[in-house]
Amino acid sequence: MQPSLASRLRMALVMTVFVYPVVTLYLYILMPLTPGWEMWQRSLVLVPFMATTIVLLIVPFIGKHFGTFIAGQKKSVAA
């Protein structure tokens, strides 16, 4: 069964909130180290770091802490 459109949109929103600051941080680190480089060269360095961060850190964190929100379910509260 495929996730609903609403679920995919919630995932996109949460991913954006977490990925944007990481990309920005990596660019702040990378830019001074690569003066005069072309954009494609910087991207060649940035993308492996970013993909690894997303797969190993961001997606598991989002799944653990925001899974019920993304799925559109309410958290069950133990009485």
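Note that this is a predicted model, so its numbers are computed, not measured. Residues: numbered from 1 along the sequence shown.
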Checking [X] now: which residues fulfil side chain to side chain contact (heavy atoms under 4.5 Å, CB included) with it, not counting sequence neighbours?
{"X": "Leu30", "answer": "Thr34, Arg42, Val45, Leu46"}
{"X": "Val19", "answer": "Met15, Val23, Met50, Ile54, Ile58"}
{"X": "Ala71", "answer": "Gln73"}

Side-chain hydrophobic cluster, 4.5 Å single linkage: members besides Ile29: Leu25, Leu33
Please write out which residues are connected to Tyr28 in a hydrophobic cluster, directly or through intermediates, given that two of Ile, Leu, Val, Met, Phe, Trp, Tyr count as joined at side-chain heavy-atom separations below 4.5 angstrom. none
Please name all residues satisfying side-chain hydrogen bond (donor to acceptor under 3.5 Å, both in side chains) with Ser43, sequence neighbours left out, ordered by chain then number.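 Per chain and number, Ser43 pairs via side-chain hydrogen bond (donor to acceptor under 3.5 Å, both in side chains) with no residue.
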My understanding is that only residues two or more places apart in sequence, or in another chain, count here; which of them pass side-chain hydrogen bond (donor to acceptor under 3.5 Å, both in side chains) with Arg8? none
Check for me, please, whether Leu57 and Val14 land in the same ILVMFWY cluster - side-chain distances under 4.5 Å, paths through other members count. no
Within residues 31-64 or reaching into it, pairs that qualify as ring-ring contact (aromatic ring centres under 6.0 Å, His included) - sequence neighbours excluded: Phe18-Phe61, Phe61-His65
When rounded to the nearest 0.5 Å, the distance separating CD1 of Ile62 from CZ of Arg10 is 14.0 Å
